[in-house]
2 protein chains.
Amino acid sequence: MKTNPKNKIIIVDDHLLFSQSLELLIKSFGDYEVIERFENGKVFIDYLEENSSAEIDLILLDVNMPVLDGLSTMKWLKDNRPDLKVIALSVNDDDEIIIKMITNGAKGYLLKDTSPEIFREAIECVMEKGFYFTELVSGMLINKVNSDNKKISLKEKEIVFIKHACTEMTYKEIASEMCLSPKTIDGYREILFDKLEIKTRIGLVLYAIKHKIVLV
Amino acid sequence: MKTNPKNKIIIVDDHLLFSQSLELLIKSFGDYEVIERFENGKVFIDYLEENSSAEIDLILLDVNMPVLDGLSTMKWLKDNRPDLKVIALSVNDDDEIIIKMITNGAKGYLLKDTSPEIFREAIECVMEKGFYFTELVSGMLINKVNSDNKKISLKEKEIVFIKHACTEMTYKEIASEMCLSPKTIDGYREILFDKLEIKTRIGLVLYAIKHKIVLV
DNA sequence: CGAAAAAAGGGTATATTTCCCCTTGTCCAA
DNA sequence: TTGGACAAGGGGAAATATACCCTTTTTTCG
């Protein structure tokens with residue numbers, strides 16, 4: 001006995017002002033209702049685990065969140081609830097993250113400066129056709145398949161080393177900090193310089209910051 | 001003959017989804033109405049210049065915007081329309097920018113992960129008392145007046161040098177790039193190491209990035 | 001099991017960075 | 001007019017970082 005034919009939407013976003021406001025906007029569309037709102041991926045997943053049979057038509061997932069971010073949440077969904085449809089929302093148009101969200105199953109990726117009209121169109125498109133990609137995203141996908149053959153994978157120890165390299169410690173100090181011989185550190189450095197196509201420790205620091213291995 | 005006693009609010013934010021949604025939220029409060037929305041500081045200022053007698057009770061100003069950002073807009077308002085009340089909205093809690101917004105006349109500074117209840121409280125507080133500061137902001141103001149005695153001033157050439165130092169160039173290469181003797185570069189470096197209390201070029205790079213002398 | 005990769009470490013040589021102390025000339029204010 | 005601040009440039013030495021070519025041990029996997 002269905003008394004409510006509206007599509008059920010969940011919002012996951014740490015910006016409470018945005019989250020609550022967006023609910024009003026969605027409500028104003030008429031055909032949708034926001035059944036839950038969560039302020040990070042963790043509480044959302046907790047909810048899903050306790051309500052595995054809840055009827056959910058669409059999830060609006062913010063990318064930048066504390067505790068458990070959009071990407072991690074997306075990965076969890078891919079593994080545990082691939083049936084759920086997700087549109088990722090974000091303020092940034094960083095290539096990497098967009099690609100990752102989509103390869104992890106997001107059905108759409110919208111920037112927050114999207115107009116409400118496009119937003120509605122995207123929601124409807126995902127509900128009907130199963131996906132919605134703007135030109136920005138499509139173009140990005142095409143660019144990537146052409147140039148993303150060589151993906152750089154860093155090992156755990158290399159990442160630890162990089163973090164230390166982004167301080168004023170000398171390699172010798174880093175070695176003793178990591179309980180390794182300076183020569184081993186030397187090896188890490190050489191491998192990384194080669195992998196990342198850089199020539200100096202400065203380059204390493206810039207790489208680390210650009211790829212958010214270290215935060216400033 | 002005032003037929004509408006509601007407080008008139010203007011929203012300036014490039015995130016259209018947020019902007020339009022927020023309007024609905026504010027409307028739901030009952031006592032307020034959003035009379036205009038703008039997507040950056042420039043179009044907002046254009047509006048003010050053409051409608052100098054418009055009745056405006058409160059402005060909600062986003063900090064991070066393209067074209068003309070929140071801080072620049074705030075500075076313009078300080079010089080041209082100090083009568084207008086502004087609450088700054090932002091996702092980031094970067095000390096510097098908060099201080100600058102407030103010293104340029106913002107009556108409040110709210111993070112976008114504020115709850116709607118606090119948001120409403122802030123609006124009402126600004127309308128009545130003229131200002132609203134969260135603990136975060138108050139604490140920041142206090143910290144600043146205590147620690148901001150020694151402000152570091154960098155000369156133009158030093159800044160140019162720092163930018164070059166944030167690349168994989170050697171000092172020798174930087175010297176020829178800047179048409180100076182390597183020894184002069186050596187001098188800049190030593191002065192900066194001293195001024196910034198750092199010991200290595202890595203420290204210089206980290207400083208530059210943290211203080212946005214170079215962008216990543 | 002056995003080969004191949006990966007991890008850890010070594011030797012040596014060169015280049016770069018860091019540090020300390022120095023000279024010269026200019027400009028400006030006491 | 002003297003003295004101080006400052007910009008530009010420099011010598012030389014020690015510490016660090018980089019490059020290249022090695023060996024040994026451990027892990028991984030067909």
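In what follows, every chain begins at residue 1, and chains take the letters A, B, ... in the order their sequences are listed. Please read all numbers here as calculations on a predicted model, not as lab measurements.
Base engagement by B:Arg189 is indicated by at least one non-hydrogen atom pair under 4.0 Å involving a base atom.
When rounded to the nearest whole Å, the span between NE2 of B:His164 and P of C:dT16 equals 17 Å. Atom pair A:Asp194:CG and C:dA6:C1' shows a separation of 15 Å (rounding to whole Å applied). As a whole-Å value, the separation of A:Glu156 CD from C:dA8 P is 13 Å. Rounded to an integer number of Å, the gap from B:Tyr188 OH to C:dT18 C1' is 19 Å. Spacing between atom CG of B:Asp186 and atom C1' of C:dC22 amounts to 13 Å, rounded to whole angstrom units. A:Ile185 places its CD1 atom 18 Å from the C1' atom of C:dG11, with the value rounded to the nearest Å. A:Glu190 places its CD atom 15 Å from the P atom of C:dG9, with the value rounded to the nearest Å. Straight-line distance from the CG atom of B:Leu204 to the C1' atom of C:dC19: 16 Å, rounded to whole Å.
The footprint of chain A on DNA chain D, defined by a heavy-atom cutoff below 4.0 Å, extends from D:dT16 to D:dC20.
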Step by step, would you call A:Arg81 with A:Trp76 a side chain to side chain contact (heavy atoms under 4.5 Å, CB included)?
-> CA-CA 8 Å; A:Arg81 294 295 303 269; A:Trp76 187 91; 4.0 Å; yes
Might you work through the side chain to side chain contact (heavy atoms under 4.5 Å, CB included) test for A:Thr184 and A:Phe161, ending with a clear yes or no?
-> CA-CA 11 Å; A:Thr184 304; A:Phe161 164 67; over 6 Å; no
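Salt bridge B:Asp46/B:Lys42: present, at least one basic N to carboxylate O contact under 4.0 Å.
Of all heavy-atom pairs spanning B:Thr200 and A:Glu168, the tightest one is N-OE2, 2.9 Å.
Across residues 168-181 of chain B, B:Leu180, B:Ser181 each have a non-hydrogen atom less than 4.0 Å from an atom of DNA chain D (numbered order).
Crowding of B:Glu39 atom CD: a count of heavy atoms from other residues, nucleotides or ligands under 6.0 Å not exceeding 12. Around the CD atom of A:Glu135, the shell of radius 6.0 Å holds no more than 12 heavy atoms that belong to other residues, nucleotides or ligands.
Distance check: B:Leu110 CG to B:Leu60 CG gives 8.5 Å after rounding to the nearest 0.5 Å. Expressed to the nearest 0.5 Å, how far NZ of B:Lys210 lies from NZ of B:Lys212 amounts to 11.0 Å. Distance check: A:Ile123 CD1 to A:Phe29 CZ gives 5.5 Å after rounding to the nearest 0.5 Å.
For the pair B:Lys157 and B:Lys183, nearest-nucleotide mapping onto DNA chain D gives the more 5' position to B:Lys157.
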